[in-house]
*Asks:* 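Below: one structure in structure tokens.
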Amino acid sequence: MRFKTSLGTTAKIITIVITILFIIIIGGQYAFIKDAGKALPIYTTVLVLIIYFLAFAYRPITYSVESGKITVHRLVKNIEIAKSEILSVEQIDKKLIRLSIRTFGVGGLFGYFGKFWNSKLGRMTWYATRMDKVVLVTTKSDKFILTPDEPEKFVGQLT
């Protein structure tokens, strides 16, 4: 069964603001060149585009529960979590992840994904698009934060 994962309000705002900022950076660079001013180096444009498209490609699009696994569907390299590795699956209050620190990953542009840490849950891997409707999947080796639009149904498929 497939589960949608839509962007929460904060992620939408962050994505829009960063998109506008990147357009200004890239557009402004070419305006400076046109006006014979000093432009940012071309590698700035390339770096901005790489960051933007990597975040887009690695964002969680949907989740599915089938064939003995959870799959996080992305444009690049889906993530699979074997049911045999899962110790628990539970919907948790968003307060438990509120003060998490991103140690490596994306913190709002098209969602929240990568490695995070907080004092209550420890190290976690997030494939989230919002900060509510949070599901914690604990495996033998990691903790995963997923945010399906229908968390009760998602948890029900795994218990």
Side-chain angles (χ1 to χ4, degrees), residues 1-23 25-26 45-159:
M1 180 174 198
R2 282 225 184 208
F3 294 89
K4 288 184 178 182
T5 177
S6 46
L7 283 180
T9 303
T10 304
K12 283 179 187 175
I13 291 168
I14 291 170
T15 300
I16 290 168
V17 168
I18 290 176
T19 300
I20 291 168
L21 179 65
F22 282 4
I23 289 169
I25 289 170
I26 293 168
T45 298
V46 172
L47 182 62
V48 165
L49 291 173
I50 288 171
I51 291 168
Y52 193 81
F53 287 110
L54 283 175
F56 182 78
Y58 282 94
R59 81 194 191 286
I61 300 169
T62 60
Y63 309 115
S64 64
V65 178
E66 56 197 3
S67 304
K69 65 186 174 191
I70 299 171
T71 304
V72 178
H73 299 273
R74 308 184 302 176
L75 288 177
V76 175
K77 194 178 182 208
N78 293 339
I79 302 299
E80 296 180 350
I81 304 167
K83 280 187 182 178
S84 61
E85 293 292 310
I86 295 174
L87 301 174
S88 66
V89 178
E90 60 185 312
Q91 188 174 357
I92 61 171
D93 191 297
K94 64 182 180 181
K95 291 176 187 173
L96 284 174
I97 63 167
R98 186 179 302 152
L99 296 176
S100 296
I101 297 168
R102 179 174 20 111
T103 57
F104 181 79
V106 174
L109 180 61
F110 300 112
Y112 311 89
F113 39 100
K115 300 296 183 181
F116 290 75
W117 177 90
N118 77 27
S119 60
K120 295 174 185 166
L121 296 172
R123 293 184 321 191
M124 303 165 280
T125 303
W126 289 20
Y127 299 105
T129 57
R130 56 191 322 126
M131 298 301 268
D132 60 350
K133 300 184 181 183
V134 180
V135 173
L136 172 64
V137 178
T138 303
T139 66
K140 295 174 184 174
S141 60
D142 202 354
K143 292 180 185 128
F144 296 92
I145 296 293
L146 308 177
T147 55
D149 289 354
E150 300 175 285
E152 298 85 7
K153 275 186 171 179
F154 184 82
V155 171
Q157 286 286 310
L158 293 160
T159 54

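Worth knowing before you read on, the calculation uses all heavy atoms, side chains too, and leaves out hydrogens, waters and symmetry mates.
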*Asks:* In this structure, are over 12 heavy atoms from other groups packed under 6.0 Å from K153 atom NZ?
*Replies:*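 No, because the 6.0 Å sphere around NZ of K153 holds 12 heavy atoms or fewer from other groups.
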*Asks:* Only pairs under 3.5 Å count here: list side-chain donor-acceptor contacts from residues 5-13, not counting sequence neighbours, and write none if there are none.
*Replies:*
unit_1	atom_1	unit_2	atom_2	d
T5	OG1	T129	OG1	2.6
T5	OG1	T147	O	3.2
S6	OG	R130	NH1	3.3
S6	OG	D149	OD1	2.9
S6	OG	D149	OD2	2.9

*Asks:* Does a side-chain heavy-atom distance below 4.5 Å link I51 with I18?
*Replies:*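 The answer is no, as the side chains (C-beta and beyond) never meet within the 4.5 Å cut-off.
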*Asks:* Considering all heavy atoms of both residues, which atom of P60 and which atom of F113 are nearest to each other, and what is their separation?
*Replies:*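 Closest pair (atom of P60, atom of F113, distance): CD-CD2, 3.7 Å.
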*Asks:* Identify the two heavy atoms, one from P151 and one from Q91, that lie closest to each other, and give their separation to 0.1 Å.
*Replies:*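 Closest heavy-atom pair between P151 and Q91: CG-NE2, 3.4 Å.
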*Asks:* Between L75 and R59, does the side chain to side chain contact (heavy atoms under 4.5 Å, CB included) criterion hold? Intermediate values first, please.
*Replies:* CA-CA 8 Å; L75 288 177; R59 81 194 191 286; 3.5 Å; yes
*Asks:* Determine yes or no for a side-chain-to-main-chain donor-acceptor pair under 3.5 angstrom, with Y58 supplying the side chain and G114 the backbone.
*Replies:*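 It does not hold such a pair.
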*Asks:* Name the atoms and distances for all side-chain donor-acceptor pairs under 3.5 Å in residues 94-112, with sequence neighbours left out.
*Replies:*
unit_1	atom_1	unit_2	atom_2	d
S100	OG	I97	O	2.9
S100	OG	N118	ND2	3.0
T103	OG1	K115	O	3.1

*Asks:* State, with a plain yes or no, whether a side-chain heavy atom of L87 is found less than 4.5 Å away from one of T139.
*Replies:*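 No, their side chains stay 4.5 Å or more apart.
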*Asks:* What heavy-atom pair brings E80 and T71 nearest, and what distance separates the two atoms?
*Replies:*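 That would be CG-OG1, 4.0 Å.
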*Asks:* For T62 and K4, work out which heavy atoms get closest and say how close.
*Replies:*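 For T62 and K4, the tightest heavy-atom pair comes out as CG2-CA, 4.4 Å.
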*Asks:* Looking at CG of D132 and CG of D93, how far apart are the two atoms once the value is rounded to the nearest 0.5 Å?
*Replies:*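 Result: 10.5 Å between the selected atoms.
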*Asks:* Nearest 0.5 Å, what's the OG-CD distance between S64 and Q157?
*Replies:*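 One gets 10.5 Å once the value is rounded to the nearest 0.5 Å.
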*Asks:* State which residue, out of T125, L136, V135, fulfils the side-chain contact (heavy atoms from CB on, under 4.5 Å) condition with I145.
*Replies:*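 Exactly one pass, corresponding to L136.
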*Asks:* Specify the closest pair of heavy atoms between R74 and A57, including all atoms of both residues, with the distance to one decimal.
*Replies:*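 Closest pair (atom of R74, atom of A57, distance): CB-O, 3.9 Å.
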*Asks:* Between K83 and V65, is there a side-chain heavy-atom distance shorter than 4.5 Å?
*Replies:*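 The answer is yes; the side chains approach within 4.5 Å.
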*Asks:* Less than 4.5 Å apart, any side-chain heavy atom of L121 and any of F116?
*Replies:*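 No; the side chains remain at least 4.5 Å from each other.
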*Asks:* Hey, which of Y63, F154, Y127 is the one that makes ring-ring contact (aromatic ring centres under 6.0 Å, His included) with F3?
*Replies:*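 The option that passes is F154.
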